[in-house]
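Structure first, then comments.
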Amino acid sequence: RVFESIRTLSVNEATLRLFDAPDVESIQHRLPELLGTGRHGGSLVEALLELTDGASVVERELTGQRLNGTPLDLLLRVTVPEDARHDLGYVLLSLTDVSALKAAEAKLGRTAEELRRSNGELQQFAYVASHDLQEPLRIITGFSELLSKSLGDRLGQDDRDYLAFI
């Protein structure tokens, strides 16, 4: 019902490019619909309601769609100009395409998850390698102690130093 009273007064060239619109007429009356208001919880409506509570600027991230139906991640900024603050006669909508940013965030999240998985595998490998290497070292230490005891006085000082080093 709120959208019945919304009129788009002006659309710039950047907005036409954003929505792949050939002309102003193709987008002017569909802008609220293209901003994802029907499918994503009425983000534009929520922003407008927040303005009626006294805010002068409201920002929302939302998923809209181009004229051909492809999704479009947007940052919506609704501003009440100084001369319209008393009666909310009109507001300015600013749209920023954040699709590339969202895609980069998703890729970063996947990369971080892959890194966590890889680090887990590396920790497991280090644990197994460390454990596997401890047994041969224990055997070498045990045999060097046995040699030291069994040969005792027959070892020279250098031989005792070598065995102590092991």
Step-by-step side chain to side chain contact (heavy atoms under 4.5 Å, CB included) determination, Asp20 to Asn68 = CA-CA 8 Å; Asp20 291 332; Asn68 65 9; 4.3 Å; yes
May I have the step-by-step check of side chain to side chain contact (heavy atoms under 4.5 Å, CB included) for Leu72 and Gln65, ending in yes or no?
-> CA-CA 5 Å; Leu72 180 64; Gln65 63 181 359; 5.7 Å; no
Evaluation steps, side chain to side chain contact (heavy atoms under 4.5 Å, CB included), between Val78 and Leu92 = CA-CA 6 Å; Val78 184; Leu92 301 174; over 6 Å; no
Start with the C-alpha gap between Arg66 and Asp97, add the side-chain angles, then the distance that decides, and say whether salt bridge (charged side-chain N to carboxylate O under 4.0 Å, His left out) holds.
-> CA-CA 11 Å; Arg66 292 185 170 85; Asp97 182 357; 3.7 Å; yes
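Other residues, nucleotides and ligands place no more than 12 heavy atoms under 6.0 Å from the CD atom of Glu13.
With contacts defined as side-chain heavy-atom distances shorter than 4.5 Å, the pair Leu35/Leu95 qualifies. The closest side-chain heavy-atom distance from Thr15 to Ile27 is below 4.5 Å. Under the 4.5 Å side-chain criterion, counting only non-hydrogen atoms from C-beta, Leu67 is in contact with Arg30. Looking at heavy atoms from C-beta onward, Leu76 lies in side-chain contact with Leu93 at the 4.5 angstrom threshold. A heavy-atom distance below 4.5 Å is found between the side chains of Thr79 and Arg77.
Note: Phe143 CZ to Arg138 CZ = 14.0 Å, rounded to the nearest 0.5 Å. Separation of atoms OG1 (Thr96) and CG (Leu74) is listed at 8.0 Å; rounding is to 0.5 Å. Taking OG from Ser94 and CG from Asn12, the interatomic distance works out to 9.0 Å, rounded to the nearest 0.5 Å. Here the CG atom belonging to Leu147 is positioned 13.5 Å from the CZ atom belonging to Arg160, to the nearest 0.5 angstrom. If you take CG on Leu151 and CG on Leu163, they are separated by 7.5 Å, rounding to the nearest 0.5 Å. Rounding to the nearest 0.5 angstrom, the gap separating the OG1 atom in Thr111 from the CZ atom in Arg116 is 10.5 Å.
The side-chain hydrogen bond (donor to acceptor under 3.5 Å, both in side chains) contacts involving residues 119-128 comprise Arg117-Glu121, where partners must be two or more places apart or lie in separate chains.
The pair Arg110-Glu113 does not meet the salt-bridge criterion, since no charged nitrogen lies less than 4.0 angstrom from a carboxylate oxygen.
Counting only distance, with no hydrogens or angles, the side chain of Ser150 and the backbone of Leu146 share a donor-acceptor pair below 3.5 Å. The closest donor-acceptor contact from the side chain of Thr141 to the backbone of Leu137 lies under 3.5 Å. Not a single donor-acceptor pair under 3.5 Å links the side chain of Arg60 to the backbone N or O of Leu75.
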